[in-house]
Amino acid sequence: MKRHLLSLFISLVALTATAEDGHQLWLRYQLVNQAKVTCNRQSPTIDIARQELQTYYQGGDITMTIDPTMPDDDGYRISGNTITARHDAGLLYGAYALLRGESKESHPAFALRLLNHWDNLDGSIERGYAGKSIFWNEKLEIENEELIKEYARANASIGINGSVLNNVNASPKMLTTPYLKKVKKLADILRPYHIKVYLSINFATPMALKQTTTADPLDKTVARWWQRKAKEIYKLIPDFGGFLVKANSEGQPGPGDFGRSHADGANMLADALKPYGGIIMWRCFVYGANHKGEDRVKQAVSEFKPLDGQFRDNVILQTKNGPLDFQPREPYSPIFDQIKQTPNMVELQITQEYLGQSRHLVYLAPMWSEFFSFVKPNQLKGIAGVANIGKDRNWCGHHFSQANWYAFGRLAWNPELSSEKIAVEWLRQTFSTNENCIQEMLAMMMTSHEACVKYMMPLGLHHIFKFDHHYGPEPDGFKADYPLEWCPVYYHQANKNGVGFDRSSKGTDAVSQYKEEYARLYDNIETCPENLLLWFHHVPWDYQMKDGSTLWQSLQAEYNEGVLMAESMQILWRYRLRNFIDEQRWREVDERLEEQVQNAREWRDVCLGYFGQFANAQ
């Protein structure tokens, strides 16, 4: 009996020792402690690079060199066992690149590579699906400094150099002195990893705190308040990055409340930060009161194009990749065609709000690469990703959702990297070096986004999600007390004559906001890509598709194919990959894939049942 118990104890200890919770992300280096690393400079950032290489590099001694003749950016050059960069950050990024197996010169496409955390001061996260905030809680102390360092290290390893620490729906308390002192502590932890901190602000903060009687950006007392606040911030955090602003959108206050323009509001804030080198990232996600009756996807261009050229030079307009709201597939936002005199940056969503959240395996790099096939990197000043990080042990809720954090960082550095290359990189660092295993998982990842599109919004049929949480289907969604732009029936326009939103020149004319070649392509129902057909056109149920089927037949086929693709991922994982994956991660992913299959079937059955009543009523 004692021998049996001892054997069981040893087995349990061994199982515990090999249990895998995903917390290490893609940083699963083997301890070596062999490399001798020298450098011609010293700094906290260089110390981190040196430590990483000394501990984990297997290829011999390393020389790191600061070279002032290198391009003035965060880039690096790896040649043999030498890493050269102009700045400390380049040596850090070069160290991680070497550990990743790179040997080349590389420079970032964007100077600004930011995560936007939609974290609230009480620790909750808006559109967060991986637990509570790693930054905020009910207290003003940092709960776990080691966790913040691990977060910083993960970001540095993929070239992310900025974090907006709080929700765009910002609390005015964010700018009070006690919270700013906590921001200073966070900034001190992140700084050696070359990560600047930024804050989302509530535009009406001084009025909300009862320190001014108005938030009118042209009121001198308001401007002076922001100038004093900027001085306070930069005294605490000399390298503070700047403000992210959501104004006059979804109920948030803004300059429009006082009869002023977005330029008036942004410029007042920009002037306050200018002496310290700070920037204003002003979001273009606006719709509603000022555009009654106008197609929601047109409203950002309508509002911002007349202001182009009126912004200060330290203002950047931040726009979502598509013109609506992070749908599984959208055409690119035409604001990138229309805004020419003001710097732009793109906002991507890593956290999968409309893409199955942390419940579905959906690899987002193919969607982001699709965006970059229309909008070239040289059109943009920076890139931001709405983070999917929380206090769940595996950081992201779903083990495969970590791939989207990784892919965002890699594409933020180089948007020309292929989705497939990034996926292989991540798999090799995270799951296995077995090539058969990698190829099987790669097949899952590379089909996952298209699968999601097919069972959630086939042929461009968009925004038919359940109210508020946006997880399941609700094509019959309508609430009289809601704005029309939030109601699914507004977007699919289904009736006995057809389905889809007419944005052609005969409809809302949203196509006219695109540059001529795409305006012409999207406007013609015969040339409009079928994967966006119902985004731009209201199409008869018996319309003949390119393969000879009717629209209704094609819609049914798309839903069914999406379900089959989800089922195929589950089968592959369950029966082909089990022997390659540690038990804990295999089981946890398997449970999520089971839910994904059930949810995909729900989407198909609910939507085909609903639309069938119109299609079959002809």
Side-chain angles (χ1 to χ4, degrees), residues 72-74 87 89 110-114 116 161-166 168 170 172 174-177 179-180 183-184 187 190-191 194-207 209 211-212 214-248 253-256 258 260-284 304 307-319 339-345 347 380-384:
D72 190 11
D73 60 21
D74 289 339
H87 301 291
F110 308 113
L112 297 171
R113 307 176 298 279
L114 275 55
N116 288 180
N161 67 354
S163 294
V164 182
L165 299 178
N166 64 310
V168 289
M174 184 69 259
L175 293 185
T176 59
T177 299
Y179 282 97
L180 290 177
V183 173
K184 174 197 167 15
L190 297 175
R191 186 175 295 110
H194 194 59
I195 297 171
K196 280 188 178 183
V197 298
Y198 301 76
L199 292 175
S200 296
I201 62 162
N202 183 300
F203 187 81
T205 292
M207 186 169 71
L209 296 177
Q211 294 177 7
T212 62
T214 180
D216 182 347
L218 299 190
D219 186 290
K220 291 181 179 178
T221 61
V222 173
R224 283 196 292 269
W225 187 93
W226 284 104
Q227 290 162 12
R228 289 194 302 272
K229 185 56 64 174
K231 184 177 181 179
E232 178 187 359
I233 292 171
Y234 281 94
K235 186 175 181 180
L236 288 167
I237 312 162
D239 59 349
F240 178 72
F243 295 147
L244 174 63
V245 190
K246 177 179 179 179
N248 291 126
F258 308 94
R260 312 303 186 188
S261 72
H262 288 286
D264 292 329
N267 291 342
M268 181 270 295
L269 294 170
D271 289 344
L273 299 191
K274 178 74 170 179
Y276 311 98
I279 63 170
I280 302 298
M281 296 168 288
W282 193 273
R283 294 177 88 235
C284 295
F304 284 91
L307 301 174
D308 193 18
Q310 297 181 27
F311 294 92
R312 300 286 192 265
D313 61 7
N314 58 329
V315 175
I316 305 172
L317 297 182
Q318 180 169 309
T319 305
I339 301 297
K340 301 179 187 297
Q341 300 177 63
T342 308
N344 287 289
M345 62 190 296
E347 178 180 307
L380 304 172
K381 184 89 169 179
I383 181 170

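Keep in mind it's a predicted model, so treat the numbers as computed, not measured. Along the sequence shown, residues carry numbers from 1. Computation of the quantities below employed the complete heavy-atom set of this structure, encompassing side-chain atoms and omitting hydrogens, waters and symmetry-equivalent molecules.
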query = Between Y276 and A230, which heavy-atom pair has the shortest distance, and what is it?
reply = CE1-CB, 4.0 Å

ask   = Under 3.5 Å, is there a donor-acceptor pair between the side chain of S200 and the main chain of N166?
value = yes

request  = Please report the closest heavy-atom contact between P217 and F203, naming both atoms and the distance.
outcome  = CB-CZ, 4.0 Å

ask   = Taking the inter-plane angle between the rings of F311 and F304 on a 0 to 90° scale, is it parallel (under 30°), tilted (30 to 60°) or perpendicular (over 60°)?
value = parallel

key: Within-4.5 Å side-chain heavy-atom neighbours: D72 and H87   = yes

task = Report the distance from atom CH2 of W226 to atom CD1 of I201, rounding to the nearest 0.5 Å.
result = 3.5 Å

key: Identified side chain to side chain donor-acceptor pair (under 3.5 Å) counterpart of K274 within the set N267, N314, D313   = D313

query = Backbone N or O of K196 within a donor-acceptor pair of the D239 side chain at under 3.5 Å?
reply = no

ask   = Between CG of L199 and CG of L180, what distance do you get to the nearest 0.5 Å?
value = 7.0 Å

message = For a 4.5 angstrom cut-off between non-hydrogen side-chain atoms, does M174 reach V183?
response = yes

query = Any ion pair linking E232 and K235 (charged N to carboxylate O, less than 4.0 Å)?
reply = no

inquiry  = Apply side chain to side chain contact (heavy atoms under 4.5 Å, CB included) to residues I280 and R312 and explain how you reach the verdict.
reply    = CA-CA 9 Å; I280 302 298; R312 300 286 192 265; over 6 Å; no

request  = Let me see the working for R283 and L244 under side chain to side chain contact (heavy atoms under 4.5 Å, CB included), right down to the final yes or no.
outcome  = CA-CA 7 Å; R283 294 177 88 235; L244 174 63; 3.7 Å; yes

ask   = With a 4.5 Å heavy-atom cut-off, do I339 and T319 have their side chains touching?
value = no

Euclidean distance, N248 CG relative to R260 CZ, rounded to 0.5 Å = 13.0 Å

Polar side-chain atom of N161 near backbone of R113 as donor-acceptor pair, under 3.5 Å = yes

key: Test item: K381 side-chain N/O and I316 main-chain N/O as donor-acceptor pair under 3.5 Å   = no

query = Between the side chain of N116 and the main-chain N/O of V164, is any donor-acceptor distance below 3.5 Å?
reply = no

message = As an exercise, state the distance from CG of L269 to CD of Q227, rounded to the nearest 0.5 Å.
response = 10.5 Å

inquiry  = Treating T212 as the side-chain partner and T214 as the backbone partner, does any N or O pair qualify as donor plus acceptor under 3.5 Å?
reply    = yes

Donor-acceptor under 3.5 Å (D271 side chain, M268 main chain) = no

request  = Show the numbers, then the answer: is there a side chain to side chain contact (heavy atoms under 4.5 Å, CB included) between K184 and I237?
outcome  = CA-CA 6 Å; K184 174 197 167 15; I237 312 162; 4.0 Å; yes

message = The test is side chain to side chain contact (heavy atoms under 4.5 Å, CB included); show your working for L218 and F258 and say whether it passes.
response = CA-CA 9 Å; L218 299 190; F258 308 94; over 6 Å; no

key: For P238 against L236, the heavy-atom pair lying closest together   = CD-O, 3.7 Å

ask   = Can you name the closest pair of heavy atoms from A247 and H262 and give their distance?
value = O-CE1, 3.7 Å

inquiry  = Rounded at 0.5 Å granularity, tell me how far OH in Y234 sits from CG in L273.
reply    = 5.0 Å

ask   = Do you know the tightest heavy-atom contact between W225 and T205?
value = CH2-CG2, 3.6 Å

key: Nearest-0.5 Å distance, CG of residue N202 to CE of residue M207   = 9.0 Å

